[in-house]
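What follows is a short report on a single structure.
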Amino acid sequence: MIEPSAYCVAILLAVSVLGVCTARIRHAHCLIYAACALVCLALAWIGVASLGAEVTRLKLPLGLPWIGVNLRLDSLTAAFIALIGLGGASASVYAIGYGRHEDEPARVVPFVPAFLAGMTLVVLADDAFAFLFAWELMSLSSWALVMAHHREAGNAHAAYVYLIMAVFSGLTLLLAFGLLAGPSGGFTFAAIRASHLPPVTIAIVFVLAMIGTGCKAGLVPLHVWLPLAHPAAPSHVSALMSGVMTKVAVYGFIRIVFDLLGTPSWWSAVVVLVAGGVTSVMGVLYALMEHDLKRLLAYHTVENIGIIFIGLGLAMAFRANGLPAGAALALTAALFHVFNHSVFKSLLFFGSGAVLTATGERDMEHLGGLIHRMPKTAFAFLVGCVAISALPPLNGFVSEWLTFQAIVLHPGLPQWGLKIAIPADGALLALSAALAAACFVKAFGVCFLGRPRTTQAAQAREVDGFSLAAMFTLAAICLLAGVLPGAVIDALAPVTQTLVGARMPTQMDRAWLSIVPIAEARSSYDGLLIFLFIAVSAWAMAITVRRFASHRLRRGPAWDCGFPDPSPATQYTAGSFTQPIRRVFGAVVFASRETVTMPPPGDMAPARIEKHIHDPAWEVFYAPVAAAVAAIADWMNVLQFLTIRRYLAFVFVALILLLLVLALWQ
């Protein structure tokens, strides 16, 4: 299957060139996106068919002369190929309808297939050169997509920050692979696996790999580009970046740490667990403070990346202590959540794009009442909200439940660092799940319920059939993966068997399709029974109310929350909904403060409440660096105005210094 995968990458690159050539042709985007959808469906089929199959390799006469381009398709690659295919196909179908509203499609259409090709090539790469080349292709093509709407306020700055973080990510991975290759220069992954690196080198590579992949995935405090880039990009691109590209970064971490570095140490597991726990809670707290719907979803990507890294940290901890069954459970939970987040986050970004198309608004304070004007979009978005809130019977619950099941196995670990970090992560995971539910009650309630707050919301209309088809397909997958999770767990078994030497027990042969992660005496979950119970209970309640309730017509005023004024301005807003949570966490986490301006009696000016929230990650880590770079640039600006003699003197002094350094080095 490696040859068809390589052909798919080549076809996507050819489609990208075709997109450049047909940029001025009306409706050409439909052809480009349709071709992307077909290729991505082929990739999804290749990925699913290759799970558990034999490892296949391919060497192309490209790249460095003595290395070439080495490609490899194993179970881990197959799982992420299937993920890229599913995400790319759904985004491409959605974009056929959404792309009609693009003012400048030539800035978007050619880069989407290149972006898909870059992500696919990252997971296929079997040497450092091919991996880094594909990583940069993925980064640069996505940067061009973020920059597509550069005339809108803030988008150019978002693209600039994203490009800086992407370059930083690539640089750290370059250093990591340089250390992995060693003095012999064995850049192929097979040579790296066969090398025996000293513990210090392994530790440095681990830190570099975590920084490089964590920057692209969105680990705190490396997440600062996400809330800027995701809202700036078109909605189908936001879905690809959040639902797929961040998972490619997770793949890079798994490939380096679980495969190339061998058995991890317990202290590295503590580092991953701490980073995952902090990221999950900080992400959802950031999201709760947001009124911009796409920024809210971007911050929830940060939260879910934290949940994934909690699972990966647990797998590292169990593997380091020779507990393969626990490692298989934790790794399965992490990979399951990789799949789940890709599905429901793409669905939610599609829903936000539909709202943006229908109203021209991303600010939740300007929406409301959309359930009456966009009922199909509202239903699909509600499914995504329930899934991301980890509520049964949808898929988000299963992967988080499996993560909790792995957490309860921690008493068997001997190190005190793990004994402290794992229960703390359990508490943080529970907190983030509760806050996520509150956040999406706010998001759905303020956007779709109540009364329209603006004329744009009152005049909204349902979106096109292509967009709805993509949303309902992902909504159906959320339900199927939650009702039949055993099928996904069994599909991931070859991946865990390859990486940690164990797999979870076969699930699909159990009665009622229950899943039993450890033993039936300890815990089990049956999504099908829960779904049937909910469906039957809802049906019985509806029949009972319809059959036995009074048919007399009664009229009365609707509950007005204590505000009899019929103005939509008296409704709950996104800010008022989260005010209690902001007062609990904001003062400590975000240094938030509120300023109330109350006019004196007789003054007809309106009362105002203003809130100020600070991003500690930006102010602590990035603002000082940016200020230092600007100061150094200003100081070195004098070099542009030197005379020829001074330039020659400067070069002469630099040459003498370099010769002195070389002499002292020898």
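On a predicted model such as this, the values are computed, not experimentally measured, just so you know. Sequence positions, counted from 1, serve as the residue numbers for this chain.
Annotation: Y94 is not in aromatic contact with Y33 [ring centroid separation under 6.0 Å not met]. Between F448 and H372, the ring centre distance reaches or exceeds 6.0 Å. Side-chain rings of F350 and Y98 stay apart, their centers remaining 6.0 Å or farther from each other. Ring centroids of H300 and F440 are separated by less than 6.0 Å, placing the two rings close together.
Within 6.0 Å of CZ in F472 there are more than 12 heavy atoms belonging to other residues, nucleotides or ligands. Around CZ of F531, the count of heavy atoms belonging to other residues, nucleotides or ligands within 6.0 Å does not exceed 12. Counting non-hydrogen atoms of other residues, nucleotides and ligands closer than 6.0 Å to CZ of F466 gives a total of 12 or fewer.
The closest donor-acceptor contact from the side chain of S467 to the backbone of G97 lies at 3.5 Å or more, if one exists at all. T377 places no side-chain N or O within donor-acceptor distance of the main-chain N or O of M374, the cut-off being under 3.5 Å. Of the possible polar contacts, none joining the S342 side chain to the V338 backbone as a donor-acceptor pair under 3.5 Å is found. Side-chain atoms of T246 come within 3.5 Å of backbone atoms of S242 as a donor-acceptor pair (strictly under, hydrogens ignored). With hydrogens and angles ignored, the 3.5 Å screen pairs no side-chain donor or acceptor of S389 with any backbone N or O of L391. In terms of modelled atom types and a separation under 3.5 Å, the side chain of D490 and the main chain of Q507 share a donor-acceptor contact. Formation of a donor-acceptor pair under 3.5 Å by the S432 side chain with backbone atoms of S280 is not found in this model. Remark: side-chain polar atoms of K376 are not paired, donor with acceptor, to backbone N or O of E462 under 3.5 angstrom. Without hydrogens or angle criteria, S50 side chain to G47 main chain gives no donor-acceptor distance under 3.5 Å. For the pair R373 (side chain) and A358 (backbone), a donor-acceptor distance under 3.5 Å is absent.
Side-chain contact between V248 and K216 is absent, with no heavy-atom pair separated by less than 4.5 Å. At a threshold of 4.5 Å between non-hydrogen side-chain atoms, the residues V343 and L86 count as touching. Considering only heavy atoms from C-beta on, V112 stays 4.5 Å or farther from I32 through its side chain. Using a 4.5 Å heavy-atom threshold, the side chains of L356 and E361 count as separate. Taking the side chain as every heavy atom from C-beta outward, I515 and I489 approach each other to under 4.5 Å. With a 4.5 Å cut-off on side-chain heavy atoms, M316 and V257 count as touching. For the pair S523 and V516, the minimum side-chain heavy-atom distance is 4.5 Å or more. For the pair S142 and V237, the minimum side-chain heavy-atom distance is 4.5 Å or more.
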Would F349 and M241 satisfy side chain to side chain contact (heavy atoms under 4.5 Å, CB included), going step by step from the backbone distance to the final call?
-> CA-CA 10 Å; F349 267 114; M241 293 179 68; over 6 Å; no

How far apart are the C-alpha atoms of L145 and F111, what are their side-chain angles, what is the distance that settles it, and do they pass the side chain to side chain contact (heavy atoms under 4.5 Å, CB included) test?
-> CA-CA 7 Å; L145 291 167; F111 296 103; 3.7 Å; yes

Give the intermediate values and the outcome of side chain to side chain contact (heavy atoms under 4.5 Å, CB included) for residues F253 and V272.
-> CA-CA 11 Å; F253 179 83; V272 175; 3.8 Å; yes

Give the intermediate values and the outcome of side chain to side chain contact (heavy atoms under 4.5 Å, CB included) for residues L76 and L499.
-> CA-CA 8 Å; L76 177 62; L499 294 176; 4.2 Å; yes

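Between Y286 and H223, the ring planes are tilted. Angles from 30° to 60° get that label. Using cut-offs of 30° and 60° for the angle between ring planes, the H341 and F344 rings count as perpendicular.
Salt bridge E290/R295: present, at least one basic N to carboxylate O contact under 4.0 Å.
Using modelled atom types and a 3.5 Å distance limit, the side chains of R503 and T506 yield a donor-acceptor pair. Inspection of the Y162 and S139 side chains reveals no N or O donor paired with an N or O acceptor under 3.5 Å. Side-chain contact annotation: S90 with S346, donor-acceptor N/O pair under 3.5 Å absent.
Note that CD1 of I388 and OG1 of T301 are 7.0 Å apart. Values are rounded to the nearest 0.5 Å. Residue L370 holds its CG atom at 10.0 Å from CZ of F381, rounded to the nearest 0.5 Å. Distance CD1/I407 to CD/Q405: 9.5 Å, rounded to 0.5 Å. Between L51 atom CG and D74 atom CG the span is 10.0 Å, to the nearest 0.5 Å. The OG1 atom of T279 sits 11.0 Å away from atom CD1 of I308, with the distance rounded to the nearest 0.5 Å. Here the CG-CE distance, from L312 to M210, works out to 9.5 Å after rounding to the nearest 0.5 Å.
In plain terms, the two heavy atoms of L124 and S5 that are nearest each other are CD1-CB, 3.9 Å. Scanning both residues, A232 and A158, for their nearest heavy atoms gives CB-CB, 4.1 Å. Nearest heavy-atom pair across M508 and A487 is SD-N, 3.2 Å. What you find for A380 and L347 is that their closest heavy atoms are O-CD2, 3.5 Å. Closest approach of A354 to M471, counting heavy atoms only: CB-CE, 4.2 Å. Of all heavy-atom pairs spanning L492 and T332, the tightest one is CD1-O, 4.0 Å.
Checking each of F80, W135, F258 against Y251 for a ring-ring contact (aromatic ring centres under 6.0 Å, His included) leaves exactly one that passes, namely F80. Just one residue in the list V488, N304, N340 forms a side chain to side chain contact (heavy atoms under 4.5 Å, CB included) with S399, and that residue is N340.
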